[in-house]
Peer 1: 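Please see the structure below; I have some questions.
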Amino acid sequence: MLAFGRVDIQQEAVQIVSDEVALTVLPGAGARMHSLTVRGHELLRRPNDPAEHMRNPFFWGGYVMAPWCNRITPGPVVLGGRTVDLPANFRDGSAIHGQVHSARWQRTSESAFEIEREGEGWPWRYRVAIEYAVAGTRVAVALRLRNLDDAAMPGGIGIHPWFPVPVEARINAALTYGSNANPLDRPVPVSGDLDVRQRTALAEGVDATWTDTSDPPIELFWPNLGLRAKMRAPFSTLHVTAAYASDLGAIAVEPQTQAAQGLRRLVEGQPGAMGLIAPGEEMVLPITIDFDWPT
């Protein structure tokens, strides 16, 4: 049992394991990945005190982003006759990474979890569900966002894992929106520090989104371990966000369904927009991470 100390939350840690991989999930902290080890080596940025997930939720483990990903500028936006009016929740004044990243989720089976939410500036009711599986050297995640309302709902989903350096990345994408803090309306060909189609250490300060991906869209490399991970997330509008935070000593590499400012993009008909989910329908993002030790 992991205790969350002063935040007064106690929740059993759920372990999902194979002979090679061990995953620990915390239902009480957003059903997030608290730990991911491969052959005993920890790959996630995890706190010594699990309560830190709640005190500082955006910079630890691997958490779910829903019903939107990345940044949205706070303030009223009318869509389909309803007003979205999200409060800022991040130090840059944006509404970032959705509403479920640190909420308590319900466990629905041995390795599946879900949560229902509405309100706090989001005028639709929705359900987010996630199921984890580990087999051999593969981690599989099935992420679903269902519209429980009687009107079409905008939506975006993704996973936000943090990996301590040294770790290198290859993002197999031809186009980028540039900085997530001030993204371009339309993606442009990659260049400079944002051309990461070859294995490299992300440049300090990079925080960007890419699209127009090829297979595999994401590869990660741990040079000290001789370890590689291929991450796939088949989706018609797959986007990859990545950031290197030198103060954290970690990079985030995030498969998701949209670019930054996805709500504005939807209203203005720009690429990288959030999707529209019909009543009773769902958005599904399957993610697999395959580890190997290339020669």
Side-chain angles (χ1 to χ4, degrees), residues 2 12-27 29-47 50 60-65 107 109-113 129-144 157-173 196-202 210 213-235 238-242 244 249-257 284-295:
L2 291 175
E12 183 180 2
V14 177
Q15 305 251 331
I16 307 162
V17 303
S18 70
D19 290 341
E20 303 274 7
V21 176
L23 176 65
T24 303
V25 177
L26 300 180
R32 71 176 58 206
M33 296 182 287
H34 169 66
S35 171
L36 173 60
T37 64
V38 177
R39 292 186 178 177
H41 298 285
E42 180 62 67
L43 302 185
L44 290 179
R45 183 176 189 260
R46 56 168 289 186
W60 299 102
Y63 54 86
V64 177
M65 299 177 288
R107 189 176 181 183
S109 72
E110 186 174 331
S111 58
F113 312 86
I130 192 167
E131 184 170 9
Y132 297 97
V134 174
T137 56
R138 166 172 283 194
V139 176
V141 180
L143 183 58
R144 299 174 181 271
I157 50 177
I159 294 287
H160 193 307
W162 282 103
F163 304 104
V165 295
V167 59
E168 299 166 346
R170 175 174 179 251
I171 300 174
N172 196 6
V196 285
R197 290 174 293 181
Q198 301 298 321
R199 172 180 174 176
T200 187
L202 290 181
W210 292 259
T213 60
S214 301
D215 184 65
I218 300 166
E219 289 182 274
L220 300 171
F221 304 86
W222 288 265
N224 292 354
L225 304 176
L227 177 66
R228 173 177 63 182
K230 293 183 179 181
M231 191 182 302
R232 294 179 170 92
F235 194 82
L238 178 66
H239 289 69
V240 177
T241 290
Y244 173 35
I251 67 170
V253 184
E254 313 150 39
Q256 55 193 55
T257 59
V284 181
L285 181 64
I287 301 168
T288 57
I289 309 172
D290 291 295
F291 296 97
D292 66 2
W293 292 262
T295 57

Peer 1: Quick one: side-chain contact (heavy atoms from CB on, under 4.5 Å) partners of Pro164, sequence neighbours excluded?
Peer 2: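 side-chain contact (heavy atoms from CB on, under 4.5 Å) check on Pro164 returns Arg45.
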
Peer 1: Please check this pair: side chain of Arg170 against backbone of Gln198, looking for a donor-acceptor N/O pair closer than 3.5 Å.
Peer 2: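 No; judged by distance alone, with no hydrogens or angles, the pair does not exist.
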
Peer 1: When you measure from the side chain of Arg138 to the backbone of Ala135, do you find a donor-acceptor pair of N or O atoms at a distance under 3.5 Å?
Peer 2: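 Looks like no, no N/O pair under 3.5 Å.
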
Peer 1: List for me each residue that meets side chain to side chain donor-acceptor pair (under 3.5 Å) alongside Glu131, sequence neighbours excluded, and say none if there are none.
Peer 2: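 None.
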
Peer 1: side-chain contact (heavy atoms from CB on, under 4.5 Å) between Leu227 and Leu43: does it pass, once the steps are laid out?
Peer 2: CA-CA 10 Å; Leu227 177 66; Leu43 302 185; 4.0 Å; yes

Peer 1: What pair of heavy atoms forms the shortest contact from Ala31 to Phe113, and how long is it?
Peer 2: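 Scanning both residues, the minimum pair turns out to be CB-CB, 4.0 Å.
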
Peer 1: Between Arg228 and Glu219, is the side-chain contact (heavy atoms from CB on, under 4.5 Å) condition met? List the steps.
Peer 2: CA-CA 7 Å; Arg228 173 177 63 182; Glu219 289 182 274; 3.5 Å; yes

Peer 1: Please name all residues satisfying side chain to side chain donor-acceptor pair (under 3.5 Å) with Asp215, sequence neighbours left out, ordered by chain then number.
Peer 2: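 Once residues adjacent in sequence are excluded, the partners of Asp215 under the side chain to side chain donor-acceptor pair (under 3.5 Å) criterion are Arg232.
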
Peer 1: Would you say the side chains of Thr24 and Gln15 form a donor-acceptor pair under 3.5 Å?
Peer 2: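 Distance-only check passes for Thr24 and Gln15.
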
Peer 1: Is the backbone of Ala133 close enough, under 3.5 Å, to the side chain of Ser111 for a donor and an acceptor to pair up by distance?
Peer 2: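 The answer is no, because no donor-acceptor pair under 3.5 Å joins these two groups.
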
Peer 1: Please name the pair of heavy atoms, one in Pro223 and one in Pro166, separated by the smallest distance, quoted to 0.1 Å.
Peer 2: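 Here Pro223 and Pro166 meet closest at CD-O, 3.9 Å.
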
Peer 1: Decide side-chain contact (heavy atoms from CB on, under 4.5 Å) for Val38 and Trp222; before the verdict, give the C-alpha distance in whole Å, the side-chain angles of both, and the deciding distance to 0.1 Å.
Peer 2: CA-CA 11 Å; Val38 177; Trp222 288 265; over 6 Å; no

Peer 1: Atom CD1 in Ile130, atom CD1 in Ile157: separation rounded to 0.5 Å?
Peer 2: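 The CD1 atom of Ile130 sits 9.0 Å away from the CD1 atom of Ile157.
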
Peer 1: Only one of Ile289, Asp19, Val21, Leu36 clears side chain to side chain contact (heavy atoms under 4.5 Å, CB included) with Val134; which?
Peer 2: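 Of the listed options, the one satisfying the test is Val21.
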
Peer 1: With sequence neighbours left out, write down each residue that passes side chain to side chain donor-acceptor pair (under 3.5 Å) with Thr241, or none if nothing qualifies.
Peer 2: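 Here the qualifying residues are Asn70, Thr209, Gln256.
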
Peer 1: What pairs with Thr137 under side-chain contact (heavy atoms from CB on, under 4.5 Å), at least two apart in sequence or on another chain?
Peer 2: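 Testing Thr137 for side-chain contact (heavy atoms from CB on, under 4.5 Å), a comparison that skips the adjacent residues, returns Glu20, Phe291, Trp293.
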
Peer 1: Testing the basics here: between Trp210 and Ala173, what is the closest heavy-atom pair and its distance to 0.1 Å?
Peer 2: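 So the minimum-distance heavy-atom pair works out to CB-CB, 3.6 Å.
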
Peer 1: What distance do Ile16 atom CD1 and Tyr132 atom OH have between them, rounded to the nearest 0.5 Å?
Peer 2: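 One finds 7.5 Å between CD1 of Ile16 and OH of Tyr132.
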
Peer 1: Using side-chain contact (heavy atoms from CB on, under 4.5 Å), reason through Leu143 and Val284 one step at a time and then give a plain yes or no.
Peer 2: CA-CA 6 Å; Leu143 183 58; Val284 181; over 6 Å; no

Peer 1: According to salt bridge (charged side-chain N to carboxylate O under 4.0 Å, His left out), who are the partners of Arg107, at least two apart in sequence or on a separate chain?
Peer 2: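 Listed in chain order: nothing, the list is empty.
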
Peer 1: Roughly how far, to the nearest 0.5 Å, is CD1 of Ile218 from CG of Leu238?
Peer 2: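 It comes to 7.0 Å.
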
